[in-house]
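Every heavy atom of this structure was used, including side-chain atoms; hydrogens, water molecules and symmetry mates were not. One-based numbering, in listed order, for ligands and for the atoms of each.
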Amino acid sequence: MTAILTVESASKRYRIQRHRPTSIKDSIIGRLKGLHRKDNFFWALRDVSFSVEHGLKLGIIGHNGAGKSTLLRLLCGLGRPTTGRIHCKGQVSGLLELGSGFHPDMTGRENLVTGGILSGLTKRQVLAKQEEIIAFAELEECIDHTVRTYSSGMYLRLAFAAAIHFDPDVLIIDEVLAVGDSRFQKKCLERLAAFQAKGKTTILTSHDTEQIRNLCDEVLVLEEGRAVMLGDPEKALQCYNDLMRQRTEKRAALLSGGATQTNLVVEHGSRMGTLEASVCAVRLYDTQRRATNTIHSGDSLIIELEYRLTKPLPDVALTLGIYTEANTKCFEFCVASAVTTVGSLTNAGRLRCQLPELPLLPGLYYLNIGLYPPDWNYVYDYHWQMHPLHVLSASEGYSGISGVISVKPVWSVVKE
Ligand SMILES: Nc1ncnc2c1ncn2[C@@H]1O[C@H](COP(=O)(O)OP(=O)(O)OP(=O)(O)O)[C@@H](O)[C@H]1O
């Protein structure tokens with residue numbers, strides 16, 4: 001196999017301007033006074049090296065500010081590394097953050113033609129694909145409006161449709177699969193899978209670990225601009241979690257002015273975090289609002305979390321998941337902003353969550369709960385295997401089903 005893309009010791013330095021001139025005169029005066037010499041420099045990428053072979057599905061993960069977008073921009077040819085080199089032997093198409101790529105004052109159609117030509121297609125080739133792209137993006141009615149008037153969802157639909165229909169050798173996607181409605185997201189994921197199945201190379205970043213597992217066969221982990229590891233998705237996700245644990249430990253030490261144990265002693269299961277926001281009690285209720293940790297398959301479950309904040313926090317992110325005894329995830333949902341979902345949090349209170357008709361097969365499960373700062377950089381409080389949930393057979397139980405969820409198949413003979 002040959003490498004289609006090679007990154008050799010690439011570093012990227014940004015200038016953090018202390019003096020921001022607002023006019024040419026201001027800029028000249030600033031230079032004469034030597035104000036520009038007071039600028040700081042920030043290394044967003046440091047000495048990153050890796051190569052990507054034809055057909056590889058590469059994922060890039062890392063916490064907020066780790067350098068993922070900076071690296072993807074360089075791979076797309078937007079800017080050059082401050083030191084090091086990037087080599088690409090094919091045509092690259094990039095779906096970067098919303099707002100990049102299209103000119104806001106040009107119509108969707110004009111942007112398509114310009115984008116196609118910039119991606120290496122001839123005008124005739126772009127025009128031949130144009131209607132298919134517009135149909136995929138479902139933008140027939142707005143394609144002749146200026147892109148400035150598009151919603152973020154419309155923008156994303158056009159950007160994705162264009163990037164994939166231009167059929168590049170390497171498709172680079174920065175997190176954008178998280179935007180847009182779920183039906184269109186599914187359509188994009190199917191199209192992306194077909195693109196990958198043709199043996200094309202993809203490079204993507206995502207904060208969604210399931211997307212990383214499903215869409216990547218190798219993953220690069222970035223931390224503070226450095227490549228920490230490149231390996232299979234499971235090892236990379238483990239490394240990402242370890243880095244989060246290390247950041248949590250650093251944060252806890254900073255808060256307490258010394259080394260702190262972030263793994264907390266609990267009766268059952270495990271708990272870790274800085275406890276700036278904490279879950280101090282978890283109560284489960286059945287459909288009759290009785291406090292219990294035993295329900296029947298198919299019953300609804302009410303979960304009440306008693307929380308405490310050590311100081312007022314602008315927002316908190318949280319996760320709540322149900323896992324089997326063997327630690328298989330049945331489901332987990334993330335709330336990126338508690339404020340948006342339930343309103344601002346007082347220093348202590350209770351959050352309630354109802355899960356209607358939980359179709360779990362009989363067995364022992366655990367509720368895993370996490371509280372995080374909104375940038376998910378470290379852990380406020382994470383409980384795993386601490387809160388058991390016993391699921392009993394439904395009153396009209398049926399046999400012969402294994403797995404995690406309870407479904408009731410209805411069989412019949414097809415009449416010819
Ligand atoms: N144009 C710029 N000027 C100065 N600093 C920048 C610039 N662009 C990015 N940075 C800084 O470089 C670092 C890496 O940013 P980057 O956007 O690459 O991170 P990221 O891993 O993509 O983060 P996120 O997951 O939040 O998108 C951040 O600290 C960011 O503030």
List the atom pairs, donor and acceptor, that lie under 3.5 Å between side-chain atoms in residues 302-314 and the rest of the protein, sequence neighbours left out.
unit_1: Glu304; atom_1: OE1; unit_2: Arg350; atom_2: NH1; d: 3.1
unit_1: Glu304; atom_1: OE2; unit_2: Arg352; atom_2: NE; d: 3.2
unit_1: Glu304; atom_1: OE2; unit_2: Arg352; atom_2: NH2; d: 2.8
unit_1: Glu306; atom_1: OE1; unit_2: Arg283; atom_2: NH1; d: 3.1
unit_1: Glu306; atom_1: OE1; unit_2: Arg283; atom_2: NH2; d: 2.6
unit_1: Tyr307; atom_1: OH; unit_2: Thr346; atom_2: N; d: 3.2
unit_1: Tyr307; atom_1: OH; unit_2: Thr346; atom_2: O; d: 3.1
unit_1: Tyr307; atom_1: OH; unit_2: Thr346; atom_2: OG1; d: 3.3
unit_1: Thr310; atom_1: OG1; unit_2: Glu276; atom_2: O; d: 3.2

* Asked: Taking the six-membered ring of Phe136 as reference, does the NZ or CZ atom of Lys187 fall below 6.0 Å from its centre and within a 45° cone about the axis?
  -> yes
* Asked: Do Phe41 and Tyr14 have their ring centres less than 6.0 Å from each other?
  -> no
Nitrogen or oxygen contacts under 3.5 Å, ligand 1 side and protein side:
unit_1: ligand 1; atom_1: 18 (O); unit_2: Ser69; atom_2: N; d: 3.4
unit_1: ligand 1; atom_1: 18 (O); unit_2: Thr70; atom_2: N; d: 2.9
unit_1: ligand 1; atom_1: 18 (O); unit_2: Thr70; atom_2: OG1; d: 2.6
unit_1: ligand 1; atom_1: 19 (O); unit_2: Gly67; atom_2: N; d: 3.3
unit_1: ligand 1; atom_1: 21 (O); unit_2: Ala66; atom_2: N; d: 3.0
unit_1: ligand 1; atom_1: 21 (O); unit_2: Gly67; atom_2: N; d: 2.9
unit_1: ligand 1; atom_1: 21 (O); unit_2: Lys68; atom_2: N; d: 2.9
unit_1: ligand 1; atom_1: 21 (O); unit_2: Lys68; atom_2: NZ; d: 2.9
unit_1: ligand 1; atom_1: 22 (O); unit_2: Ser69; atom_2: N; d: 2.8
unit_1: ligand 1; atom_1: 22 (O); unit_2: Ser69; atom_2: OG; d: 2.7
unit_1: ligand 1; atom_1: 23 (O); unit_2: Gly65; atom_2: N; d: 2.8
unit_1: ligand 1; atom_1: 25 (O); unit_2: Lys68; atom_2: NZ; d: 2.8
unit_1: ligand 1; atom_1: 26 (O); unit_2: Asn64; atom_2: ND2; d: 3.0

* Asked: In terms of the angle between their ring planes, are Tyr382 and Tyr372 parallel, tilted or perpendicular, with boundaries placed at 30° and 60°?
  -> tilted
* Measure from the ring center of His387 to the ring center of Tyr366 and say whether it is less than 6.0 Å. => no
* **Short side-chain donor-acceptor distance under 3.5 Å, Asp144 and Thr107** => no
